Amino acid sequence: ALERTLSIIKPDAVAKNVIGQIYARFEQAGLKIVAAKMKQLSRQEAEGFYAVHSERPFFKALVDFMISGPVMISALEGENAVLAHRDLMGATNPKEAAPGTIRADFAESIDANAVHGSDAVDTAKVEIAYFFAATEVCPR
Ligand code: CMP
């Protein structure tokens, strides 16, 4: 099915100057960028985005990292976009990520793991709406 998913290129990958290399992987996999913005997240914004993790021991470190520099936020559209994007990213822990995935190639640790992607179609809807007004999403 035609789906949308939210992608965040995290501060580590933005600092490494590999936004274009990561976008190229999306495009080569048939995913279209239908919305995009670079943003320095506030603590409140990062905490709200990751609210589902608020009771986890890594929450403070996660939020501190996500506000340590600008992120590149995109909505991607394509056939089975949620799973296609997760396959491109690889496992959350880059040490467990398959060779050739974004996290294996660009990430250093489970905290600085280069990218975030929605885990399901319903969470993707919530995550896209968290960062983009309906008029900022451009189906094509
Ligand atoms: P992300 O897909 O952005 O969702 C939550 C993030 O928390 C995850 O990627 C990791 O970067 C970070 N994190 C840190 N420790 C853990 C952990 N033990 N399990 C899952 N995620 C973790």
Side-chain angles (χ1 to χ4, degrees):
L2 191 68
E3 296 173 355
R4 290 179 186 165
T5 192
L6 186 81
S7 152
I8 303 179
I9 302 177
K10 297 188 180 186
D12 57 325
V14 173
K16 277 188 181 169
N17 206 26
V18 293
I19 293 170
Q21 291 187 55
I22 293 172
Y23 269 8
R25 293 179 184 215
F26 297 160
E27 293 177 348
Q28 279 154 17
L31 296 172
K32 294 178 176 178
I33 297 158
V34 295
K37 66 175 83 169
M38 183 177 279
K39 196 168 187 188
Q40 170 67 55
L41 300 182
S42 67
R43 180 169 295 277
Q44 188 184 349
E45 249 175 331
E47 286 176 349
F49 181 76
Y50 281 120
V52 65
H53 294 305
S54 62
E55 302 306 315
R56 304 272 215 116
F58 58 80
F59 183 66
K60 169 91 168 40
L62 170 62
V63 170
D64 284 345
F65 174 67
M66 291 300 288
I67 67 174
S68 66
V71 295
M72 189 73 198
I73 311 166
S74 313
L76 309 177
E77 185 176 85
E79 276 299 310
N80 302 316
V82 172
L83 191 59
H85 181 226
R86 294 186 73 76
D87 286 347
L88 291 174
M89 290 193 296
T92 304
N93 185 345
K95 292 180 177 63
E96 295 163 7
T101 60
I102 292 168
R103 284 167 171 156
D105 290 346
F106 300 120
E108 307 304 332
S109 70
I110 195 166
D111 294 302
N113 68 347
V115 282
H116 165 84
S118 308
D119 63 3
V121 171
D122 54 339
T123 34
K125 287 199 174 87
V126 174
E127 291 185 354
I128 291 169
Y130 190 82
F131 286 118
F132 295 104
T135 52
E136 294 178 308
V137 180
C138 306
R140 59 198 180 82

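What you see is a predicted model, and the numbers here were worked out from it, not measured in a lab.
Partners of Ala133 by side-chain contact (heavy atoms from CB on, under 4.5 Å), not counting sequence neighbours, listed by chain and number: Thr135, Glu136. The side-chain contact (heavy atoms from CB on, under 4.5 Å) check on Glu96 picks up Ala91, Asn93, with sequence neighbours excluded. Every residue meeting the side chain to side chain donor-acceptor pair (under 3.5 Å) condition with Lys39, not counting sequence neighbours, appears here in chain and number order: Glu45. Not counting sequence neighbours, the partners of Glu108 by the side chain to side chain donor-acceptor pair (under 3.5 Å) test are Lys16. In this view, Thr123 and Asp119 satisfy the side chain to side chain donor-acceptor pair (under 3.5 Å) rule, not counting sequence neighbours. Partners of Phe58 under the ring pair (Phe, Tyr, Trp, His ring centres under 6.0 Å) rule, at least two apart in sequence or in another chain, are His53.
Between Pro94 and Asn113, the shortest heavy-atom distance links the atoms CD-CB, 4.2 Å. Of all heavy-atom pairs spanning Ser118 and Ala124, the tightest one is OG-CA, 3.4 Å. When all heavy atoms of Ala107 and Asp12 are compared, the pair lying nearest together is CA-OD2, 4.5 Å. The two residues Ala98 and Thr101 have their closest heavy-atom pair at O-OG1, 2.6 Å.
Taking a 4.5 Å side-chain heavy-atom cut-off between Ile, Leu, Val, Met, Phe, Trp and Tyr, the cluster of Leu2 contains only that residue. Through chains of ILVMFWY side-chain contacts below 4.5 Å, Val121 is grouped with Val82.
Each of Val126 and Ile128 belongs to its own hydrophobic cluster when Ile, Leu, Val, Met, Phe, Trp and Tyr are linked at side-chain heavy-atom distances under 4.5 angstrom. Linking ILVMFWY residues whenever their side-chain heavy atoms come closer than 4.5 Å, directly or via other members, places Met72 and Val18 in the same cluster. In the hydrophobic clustering of this structure, Leu41 groups with Phe59; members are Ile, Leu, Val, Met, Phe, Trp, Tyr whose side-chain heavy atoms approach within less than 4.5 Å, directly or through other members. Ile33 is connected to Val14 through a chain of hydrophobic side-chain contacts under 4.5 Å among Ile, Leu, Val, Met, Phe, Trp and Tyr, so both are in one cluster.
The structure places CG of Leu62 at 10.5 Å from CD1 of Ile67, a figure rounded to the nearest 0.5 Å. Put simply, CD on Glu3 and NZ on Lys125 are 8.5 Å apart, with the number rounded to the nearest 0.5 Å. Separating the CD atom in Glu47 from the CD atom in Gln44 is a distance of 8.0 Å, to the nearest 0.5 Å. Atom-to-atom distance recorded for Ile22:CD1 and Lys10:NZ is 11.5 Å, nearest 0.5 angstrom.
The stretch residues 72-102 participates, sequence neighbours left out, in these ring pair (Phe, Tyr, Trp, His ring centres under 6.0 Å) pairs: Phe26-His85. Residue pairs satisfying the ring pair (Phe, Tyr, Trp, His ring centres under 6.0 Å) criterion with at least one member in residues 105-133, sequence neighbours excluded, are listed as follows: Phe49-His116, Phe49-Tyr130, Phe49-Phe131, Tyr50-His116. Applying the side chain to side chain donor-acceptor pair (under 3.5 Å) test to every pair with at least one member in residues 58-84, sequence neighbours left out, gives these pairs: Arg4-Glu77, Tyr23-Ser74, Arg43-Asp64, Lys60-Asp64. Listed by first then second residue, pairs satisfying salt bridge (Lys or Arg N to Asp or Glu O under 4.0 Å) with a partner in residues 20-35 read Arg25-Asp105, not counting sequence neighbours.
Side-chain atoms of Arg140 never come within 3.5 Å of backbone atoms of Val34 as a donor-acceptor pair (strictly under, hydrogens ignored). Side chain of Thr5 to main chain of Leu76: no donor-acceptor pair is present (N/O by atom type, distance under 3.5 Å, no hydrogens or angles).
At a threshold of 4.5 Å between non-hydrogen side-chain atoms, the residues Val71 and Pro11 count as touching. Between Leu31 and Leu88, the closest side-chain pair of non-hydrogen atoms falls below 4.5 Å. Looking at heavy atoms from C-beta onward, Ile19 lies in side-chain contact with Met38 at the 4.5 angstrom threshold.
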Note to self: side chain to side chain contact (heavy atoms under 4.5 Å, CB included) for Ile8 and Met66? Distances and angles first, verdict last.
What the structure shows: CA-CA 10 Å; Ile8 303 179; Met66 291 300 288; 3.9 Å; yes
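More than 12 heavy-atom neighbours from other residues, nucleotides or ligands sit within 6.0 angstrom of CG on Asp122.
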